[in-house]
Every structure is written in structure tokens, then in C-alpha cells.
Amino acid sequence: MRWKAAEYSGWGRALWARGEVARPERQRSLDQVFAEGIVPAQGMRRSYGDASLNDKGRMVDMTRLDRMLGFDPGTGILDVEAGARIGTIASAFAPRGWLPAVMPGTGFATVGGCIAQDVHGKNHHVAGSFCQHVVSMELRQADGRTVTLTADATPDLFRATAGGLGQTGVITSARLRLLPCKGDIMMVTERRVEGWDEHLALLDASTATYTVGWIDATARGKGLGRGILEEGETNSGLVPRREKFRKVPFTAPRFALSKPIVRAFNEAYFRRVPHTGRTVVRPIGDFFFPLDKIHDWNKLYGKHGFHQFQCVMPLAAAPALRALLETIANSGLASPLAVLKRMSEGRAGHLSFPMEGYTLAVDFPNRAEARELIKRLEDMTIAAGGRIYFAKDSLARGADVRAMYPEHQDWLRLVTRADPDQRLATDMIRRLKLRSIA
Amino acid sequence: MTNTWIILGATSSMARAFARKVASRGDGVLLAGRDSEDLAALAGDCHLRGARMAEAVAFDARDPSGFAILIDRVKAEDGMISAAVFVGSMPDQALIDADPALIDGTVTDSFTGPARFLHLLAPEMERRGGGTVVGVASVAGDRGRIGNYVYGAAKAGFATYLSGLRNRLTRAGGHVVTIKPGFVDTAMTWGLPGLFLVASPEKVADDIARAVAKRKNVIYTPFFWRYIMLIIIHIPEFIFKKMKI
């Protein structure tokens, strides 16, 4: 197996690692990689921070082990290799009336990555998290054995692996329960929302399967929390407008996302939807993975990259979330795409992100002021009993994060048993000291 | 009319991308190679992407005794038959320099093995009056260079063979497309130093499918390799022989 000396980053391009990466294209080559000892796995590196980085160490890139192996139309269960992209599964199955039960905001995320972060989608309020739909998974462990995990037969290891940041072993394949859908297009109803209270009320009252709120995080005062509520249902037989893929060809200069440009963009984005609202027909990919059409959009943030802050707050802490948004709006540092969603309690692992409440995600360019701000936002999140998301984080401090995840000690006990020599530790694990015995 | 592709060397990432592409159009695929476990996984994948039929079959370029069975299997499919050849091997030139016997295997894998197979298939394609042969040659075959001239020579031989086969099958309504990829992001090139403008296997597969649809004769993929090679071909030999590129 050839190892490539690589310099690579997470999606935020703020944190980088140097190390050797192998990329097997078949199971047999994967065996060769592990014959030299297990190494942590990475997928498409769509986690924003350092969850998929291993500086000065080795990693195995799973993206070429991406076959859909079998499907049972009677049960809707798909057997798939860990490197397969969610968007690929969606586009292959939606025309036949099936969709992955949970899809994150990018179709480029791999099945393995979705498991390791126990991701959620625009339907979390009805469907729960990704791993709640994982029937079983194959896990290659540090001792060389491959075990099959299910929530019933191996509840401990399953819970430690779901959202477990790859620390129990390398996920090589999984069986996913797909959900029936009407077809491969979406009927999307878009409505302007004038402010914070209305936004929460609409999210609470929404009966749609897929619901997401876009927030203009630059709007202040009366307009705080204004945005657009999108509600979607799958459908078939309608013809959407197909749009071309675009690519960001180079790393953008700093002014590309400067304050006036972001404000103008947000204003235009808000006005795009008529004040009476509208219902449009979209290809499923456009609805679920809106930014995937612009390849490498992360380069828009320039060579220093960016950070995404995402937290979830309990329902009762809605006022604290409002105060948090106010802090962001007053800072004038936010980027165009901020997202607000209602979450249910659905989660499958010790370190899974979701809790019943509201989740807010905001991008910031990687600048000193933004890093300071994110630190304040984290403090506000802890004080309100919320938590931040490992898939997005690149700045948090270990003690804070461990306090947000009450089951951390349970996870640590199982992970220590599964990988006693910490051979699967990544940059994120070391930065947040997630595997240090406190 | 149904179309069935026999894909030789189907475990390679370029072949995988191409198989998926034709599978999603509903074509049948016979996935030929040596790693039957891997081919079975790919067959499942092609099937789920919409292939009318997807099956793993055994093919070893160095074992022509197995070709007849494979030809029979291909003949069992109705409709049009097409073939895509992705086989080839590129041992490090230094290894070949140390053990010249490696030349035989390289030439068999990259040229004579697939050529013998295509020669057995050609009469059936003529009988059915159509179908396409996709043959993957290489820019390395356009001019012998110190870095990999054995592989280059084998691919040059294969390209010349494809040119002749095109001449033959055209008369029967068939077609042959010669593909000359530049650097492609595969297991073969992973981690090699000095590569530039590396294309994804999916991009190459798209180019191949387009070339098949438009009945192109010889394509470079990505397209700009045509111009890079045009320059390299025209460097006078008395200069070229001193260069290391």
C-alpha cells in the first residue's frame, strides 16, 4: 500500500494537518493498510474543524470504498460501504421511492462520517438522528477483529460508535433503513419571517416533514431573527428547473465576504421570496444540499478559512438563544448562511449532538474578532445548558465541551477498552482532550 | 435495443466510474477481472444504480485459456455487445530495469492479452452489426520516455491495434474509440510525485461516454493532453533524447 504525504484540512480550511494518507480502492487493500496497524479513518472531510485530521500521523481515506452492496425493497434496508456519499444514495434511490432517512446539509458526506458524527437533517424533528436508522454496522477494531454492531445485540459499543468520532474502530460498511418517499423532487414552500418570535413560532407549528429556517444574522433590532422558513415534502411527476454545477476556481480575496457584501446578499436573499410566500418545485439535491452546487464554496472565505459555530439550546432556553443571536448580529461578523432549526431529542450515541430544542449554525471568517466572539458564544451556550457540535467545532476548549456531554465518561470507558493505545485518536480528540482520563 | 458492456479490468477506478455511468443508463454490465470479491461488490453497486444486469466474471489477461468461456458468456446476452478495456500494468521502470522479464507481463497486461480477447469478440460484433469497443491507451504511448517506456510501448502497441480494429469494425457498423488519459487520480498514481492536472476517474468516465455517443475515434482526457502531447511529439529527437520529462 502506497502512503501519500499529504497536507489537508477540514472543510473550514482553518485547521490543517500534515501526514501520510492511504486510499484503498478495495477491501483487500484496506486489509493491507490495517496489516501495518489500525489508523483513524477519514471520509470527504466535510467536518469543519479537525475531526478528520491526524497531524504527524497516518490516516486511511475511505472515499473509494463506496459501493452500494445490496438492497431489500421489502424492508428498505440498504447495505453500503462506509465511503459512499449520502447524495449518491439519494439520487440513485429517490426515483424508486426511497431516501436515506436522515441527510445532512451536504450530499458529499460519507456514510461513515454521518455515523461518526451521528448527523441530523432538516427532518430531525420527525426522524431523529442518522444512527437511529442504522440497522447494523461493520466495525474494524484496533485489535484487528471486525465486529457487527447493532443497537440491540451490542448496545454499548453501538452507542459509543454512533457519533463517536471514529474512536471505537473504523466503520467499513453499514446497513441503513431507508425511508419511503414520493419521488425525486421537492415541493418547497418558502415564507418570509419578519423576526425572532415569529421564526420560533413557525418552526414550532410546522407540520412539514422537512423544515429549516434561514436567518439573516446581520439583521438587528426589530429585524433580529428575520429570515425565510422553508418547508419541503417529496413528490414526483413535476419538472423542476435544473441548474448547472459551478465551481469556485480559486481562493477568494478577503473582501469577498466583507460586511457590506454580506448585508447586500442577505437583503437580496430575503427579498427573493415574495412577501406573500411561494411554493416552488426543486430537484431533491437543491433542497437538501443547496451549497453542493457550488463546488469548493469553502474557498470563498479566502486563504485563512472560516469557522462555523453551531449550538443547540433546550426549548426553555429560547431567550438565551435570542441573546446569542443578538450578540452575533451586533458583532457584524456573520456570514450569509445562518440556519435555525427545531430539534427533537432523537440521538443514538453518548456523544450525539441533538437535544430537544433549537439549533443555530452561523459561519464566521477565521479572524481574531470572530474567534473571540465564538468563545463568548460558547460560554453563553454552556450557561444555558446547550451544547456545541463536533462536526463543526474547531475552537472549543476540552473542559467546556466535556461539560456539555454528560455521557462522556460512559463513552470514554468503552473507547478506552476498544482502543487502549489511542491509535485512533485524531487532532480533535487531542485538542478537546476527549480521551484523557479526567 | 439492449446494450451489454463487457468491461475488462473492472476493478480499476476508471473502469468503476465508467461501469456506474452505463449502469445508471440501464445497460447490462459484465465486470471482468481477477478480484472476484471486489467485482461482486461492484456488480451489486451497478445493479442498484439501474443496470439491467450486472455480473462479475473472471478475466486474467495472462491466461488466454479462460477467454473462450468469457466469450460464450458474452454471446449469451441478446442485443448489442460493447467492450471496454481498462486492463494494463505499470511496474516501476526501475523494477523492470532490474528484472527485464517484467516486460513480458507488462506487454501481456496492457496489449496482447486484451488484443487477443478483442480478436475473439470481433466476429460476434460483426455478426450483430454494431457495438462499440472502448480501448484505454495512454499518453505514455505517444512517445517513449525514460521514466516508463516499457509501459508506453505496450500502450502504443495497443493503440495501433485499436486503430486497425476500428478500420475493421467500421465496415460492419461497429466502432472503436481510443482513449488516451493523462494523469488520473487512481490507486496507480496515488502518492506519486510530480503529477499535475490530475483528473478524477468520474471526469474520465464522462469523457469516455461522450466520445462513445459522438463516435469519436481518438480522444485525450482531459482534452488539453492533446495539446501537451502535440508539443511533446514535436520536440526534435536530438533534443528529446537528452530530456527527462
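Within every chain, numbering begins at 1; the chains are lettered A, B, ... in the order of the sequence lines, protein sequences first and strands thereafter. Quick caveat, the model's predicted, so the values are computed rather than measured.
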Exceeds 12 heavy-atom contacts within 6.0 angstrom, atom NE2 of B:H47:
no

Applying a heavy-atom distance below 4.5 Å, give me the residues of residues 73-89 of chain A that approach chain B, sorted by number.
A:L78, A:T88

Carboxylate-amine/guanidinium contact A:R28 B:D38, below 4.0 Å:
no

Would you compute the distance between atom CZ of A:R26 and atom OG of B:S13 and round it to the nearest 0.5 angstrom?
9.5 Å

With a cut-off of 6.0 Å (strictly less than), are more than 12 heavy atoms of other residues, nucleotides or ligands near CG of B:D78?
no

For residues 148-156 of chain B, please give each side-chain donor-acceptor pair under 3.5 Å, one per line with the distance, not counting sequence neighbours.
unit_1: B:N148; atom_1: OD1; unit_2: B:R145; atom_2: NH2; d: 3.2
unit_1: B:K155; atom_1: NZ; unit_2: B:V87; atom_2: O; d: 3.3
unit_1: B:K155; atom_1: NZ; unit_2: B:V136; atom_2: O; d: 2.9

Just checking B:R73: does its CZ atom have more than 12 heavy atoms from other residues, nucleotides or ligands closer to it than 6.0 angstrom?
yes

Separation between CE (A:M68) and CZ (B:R20), nearest 0.5 Å, reads 7.0 Å

Any chance you could measure B:T189, atom OG1, to A:K4, atom NZ, to the nearest 0.5 Å?
8.0 Å

Within the supplied structure, the quantity of interest is the number of heavy atoms (other residues, nucleotides, ligands) at a distance under 6.0 Å from B:R25 CZ; does it exceed 12?
yes

Inter-residue atom distance A:E25.CD - B:S12.OG, 0.5 Å rounding
8.0 Å

For atom CG of B:L192, is the number of surrounding heavy atoms from other residues, nucleotides or ligands below 6.0 Å larger than 12?
yes

Using a cut-off of 6.0 Å, state whether more than 12 heavy atoms not belonging to B:R34 lie near its atom CZ.
no

Might you point out which heavy atoms bring A:A92 and B:L48 nearest each other, and give the distance in Å?
CB-O, 4.3 Å

Backbone of A:V21 reached by a side-chain donor or acceptor of B:W190 within 3.5 Å:
yes

Atom CD of A:E36: over 12 foreign heavy atoms under 6.0 Å
yes

Whether over 12 other heavy atoms sit under 6.0 Å from A:K182 NZ:
no

Measuring from atom CG of B:D185 to atom CZ of A:R64, what distance do you get when rounded to the nearest 0.5 angstrom?
4.5 Å

Determine whether a donor-acceptor pair (N or O, by modelled atom type, separation under 3.5 Å) exists between the side chain of A:R67 and the backbone of B:C46.
no

Heavy-atom pairs under 4.5 Å with chain A - which of B:T186, B:L42, B:D35 has more of them than the others?
B:D35

